[in-house]
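Predicted, not measured: the structure shown is a model, and the values here were computed from it. When a ligand or atom number is given, it counts from 1 through the structure's own listing order.
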Amino acid sequence: MQQKKLAFIGAGNMSRSIISGLIQSGYSQENILASNPSTPKLDALKKDFGIHTSQSNDEACQFADAIVLAVKPQMMGEMCQALQNNNLSDKLFLSIAAGLPVARLQAMLGGDYPVVRIMPNTPSLLGKGMSGMYADDKVSAADKQYVDDVMGSVGETVWVEQEEGINGVIAAAGSSPAYFFLFLQAMQEEAMNMGFEKDIARKMVQQAMLGAAEMVCHNQNLELSELRAQVTSKGGTTAAACNTLIDEGLSDTVAKAMRAAVARAEEMAKQL
Ligand SMILES: NC(=O)C1=CN([C@@H]2O[C@H](COP(=O)(O)OP(=O)(O)OC[C@H]3O[C@@H](n4cnc5c(N)ncnc54)[C@H](O)[C@@H]3O)[C@@H](O)[C@H]2O)C=CC1
Ligand SMILES: O=C(O)[C@@H]1CCC=N1
C-alpha cells in the first residue's frame, strides 16, 4: 500500500478502527497522525498504536498529504472552515461523514479539492467492516486505489458511480449493524420471557447469529432463501416462525427502515 502522510481529524470510534486496521496491515505509525480537541482518546491512540497525535487540526493539516474528516456531520462546517487557514492545495480529503455531499464539503473547505466520500461501519473495529466509496473526477485513479487500500485494511470495499449511491450504502451497510443488534435484542428479550437468564439468552442468540453469518459468507453459491430452506422442515417450527415474520410484513418493514435511512441522509445534506 502507498504510504502517504495521513491525518485523522476527530479521534473517535471510526478513526480508531481505521487506524487499528492500517497498523495491522503494516502502515507505518510514523505516517499517521490523529487530532482531537481533548487528550484522552489521543493518549489511548498513541499508547496503543504509537502514532503521532495533536490537539491542533492545523498541525494535522501541515503533517498530512491525505486528511480523513472524521468528526460528526454537525461539527464538519465549523471544523472545515477553520482548516482554511492552512494551505490545502495538493491535499486529498477523505470524508466519512454521513449525509454531506462532496460539493458541500468542498464549499466548507473553501476550494475545489479532491474529496472521496467513504461510508464505513463499526465492524471495521474488528477488521470486518464494509465501506462504500464515491469519488468525483477530481480524484486520480492512484488516489482512489490508495483510499481503497486504506479502507481495505479494515474490511471489504465497494465503489458507487453516482454520489446518491452513498445513501444506499448507508442504508445497507453503514447503519445496518444497528438493525441487526435490534433484532438480536428482541430475540434475547423473548428468550428471557421464556425463562432464560439474560446471559444465557444472549449467548444463544449471539452464537446462532454468528454461525448463521458465517454460513452466509462461506456459501456464496447458495441464495439466502436456500440457506433458510436448509433450516426449514416442512410443517416444522422454523416454518411457523418464518411465516409469522413474513405475514407480519418483515420485508416491507425492512424496506421502509432502509428508505428512512436514505431520507434522513438526504435531509442532512439539505440541513448541514
Ligand atoms: N459510528 C458509525 O457507525 C459510523 C459513523 N460514521 C461517521 O463517522 C464520523 C465520526 O463518527 P464516530 O467516530 O462514530 O464519532 P465520535 O463521536 O466517536 O468521534 C468524533 C470525534 O471528533 C472529535 N471532534 C469534535 N470536534 C472536533 C474538531 N473541531 N476537531 C477535531 N476533532 C473534533 C470528538 O471529540 C470525537 O472524538 C461521523 O461523521 C459519522 O457520520 C460513518 C459510518 C458509520
Ligand atoms: O447514524 C449515523 O448517522 C451514522 C452513519 C451510519 C452509521 N452511523
Notebook entry, point to check: Within less than 4.0 angstrom of ligand 1, does Pro73 place any heavy atom?
Noted result: yes

Note to self: I'd like to know if the side chain of Asn243 and the backbone of Ala239 have a donor-acceptor N/O pair within less than 3.5 Å.
What the structure shows: yes

Check: Counting N and O atoms only, with roles assigned by atom type, does the side chain of Arg117 sit under 3.5 Å from a partner on the main chain of Leu100, one being a donor and the other an acceptor?
Finding: yes

Next item on the list: Side-chain contact test, heavy atoms from C-beta onward, threshold under 4.5 Å: evaluate it for Leu22 versus Leu6 and give yes or no.
Entry: yes

Item checked: Ser56 side chain vs Glu59 backbone, donor-acceptor pair below 3.5 Å -> yes

Notebook entry, point to check: At under 4.0 Å between heavy atoms, which part of Lys41 makes contact with ligand 1: side chain, backbone, both or neither?
Noted result: side chain

Item checked: Per-atom contacts of ligand 2 with Gly174, taking only distances under 4.0 Å to non-hydrogen atoms -> 6 (C), 7 (C)

Item checked: Residue selection (non-hydrogen contact nearest atom 6 (N) of ligand 1) among Leu69, Ile96, Leu125, Asn36 -> Ile96

Check: In the protein, what heavy atom is nearest to atom 3 (O) of ligand 1, and what distance, to one decimal place, separates them?
Finding: Thr122 CG2, 3.3 Å

Note to self: Is there a polar contact, in the sense of an N or O pair closer than 3.5 Å, between Asn57 and ligand 1?
What the structure shows: yes

Check: Taking all atoms of both residues into account, what is the closest heavy-atom pair of Leu83 and Asn57, and its distance?
Finding: CD2-CB, 3.8 Å

Check: What protein heavy atom is closest to atom 12 (P) of ligand 1, reported as residue, atom name and distance in Å?
Finding: Lys72 NZ, 3.9 Å

Item checked: Test item: Asp143 side-chain N/O and Val139 main-chain N/O as donor-acceptor pair under 3.5 Å -> no

Margin query: Tell me if a side-chain donor or acceptor on Gln84 pairs with a main-chain N or O of Met108 at a distance below 3.5 Å.
Written below: yes

Checklist line | atom 27 (C) of ligand 1: nearest protein contact (heavy atom, Å) | finding: Val71 CG1, 3.7 Å

Next item on the list: Identify the protein heavy atom lying closest to atom 41 (O) of ligand 1, giving its residue, its atom name and the separation to 0.1 Å.
Entry: Ala98 N, 3.2 Å

Next item on the list: Look at atom 19 (O) of ligand 1 and find which of Gly12, Ser124, Ala11, Gly174 reaches it with the closest heavy atom.
Entry: Gly12

Check: Closest non-hydrogen protein atom to atom 1 (O) of ligand 2, residue and atom name please, with distance?
Finding: Ser175 OG, 4.6 Å

Check: What residue and atom, counting heavy atoms only, is the protein's closest point to atom 29 (N) of ligand 1, and at what distance?
Finding: Met79 CG, 3.7 Å

Note to self: Which residue and atom name correspond to the protein heavy atom nearest atom 26 (N) of ligand 1, and how close is it?
What the structure shows: Met75 CE, 3.7 Å

Next item on the list: For the pair Gln106 (side chain) and Tyr113 (backbone), establish whether a donor and an acceptor sit closer than 3.5 Å, ignoring hydrogens and angles.
Entry: yes

Note to self: Going by a strict under-4.0 Å cutoff (protein heavy atoms only), does atom 5 (C) of ligand 2 have a neighbour on the protein?
What the structure shows: yes

Note to self: Can you confirm whether Phe183 sits close enough to Val254 that some side-chain heavy atom of one is under 4.5 Å from a side-chain heavy atom of the other?
What the structure shows: no

Check: If you look at every heavy atom in Met1 and Ser153, which pair is closest and at what distance?
Finding: CE-CB, 4.4 Å

Check: Heavy-atom contacts under 4.0 Å between Ala70 and ligand 1: side chain, backbone, both, or neither?
Finding: backbone

Next item on the list: Examine Pro37 against ligand 1 and note whether any of their N/O atoms are separated by less than 3.5 Å.
Entry: no

Item checked: Beyond-backbone contact of Arg16 with Leu45, side-chain heavy atoms, under 4.5 angstrom -> yes

Note to self: Test of understanding: given a 4.0 Å heavy-atom threshold, classify the contact between Met14 and ligand 1 as side chain, backbone, both, or neither.
What the structure shows: both

Check: Relative to ligand 1, is Met119 under 4.0 angstrom through side chain, backbone, both or neither, heavy atoms considered?
Finding: side chain

Margin query: I'd like to know if Lys270 pairs up with Glu267 as an ion pair, taking the criterion as any Lys NZ or Arg NE/NH1/NH2 lying under 4.0 Å from an Asp or Glu carboxylate oxygen.
Written below: no

Margin query: Please report whether ligand 1 has a polar contact with Ser15, defined as an N or O pair separated by less than 3.5 Å (distance criterion only).
Written below: no

Note to self: Counting non-hydrogen protein atoms only, what is the nearest one to atom 43 (C) of ligand 1? Give residue, atom name and distance.
What the structure shows: Pro120 O, 3.1 Å

Item checked: Numbered atoms and elements of ligand 2 in range of Ala98, under 4.0 angstrom, heavy atoms -> 5 (C)

Next item on the list: Could you grab the distance from atom OG of Ser35 to atom CD1 of Ile9, nearest 0.5 Å is fine?
Entry: 4.5 Å

Checklist line | Top protein contact for atom 22 (O) of ligand 1, by heavy-atom distance | finding: Gly10 CA, 3.4 Å

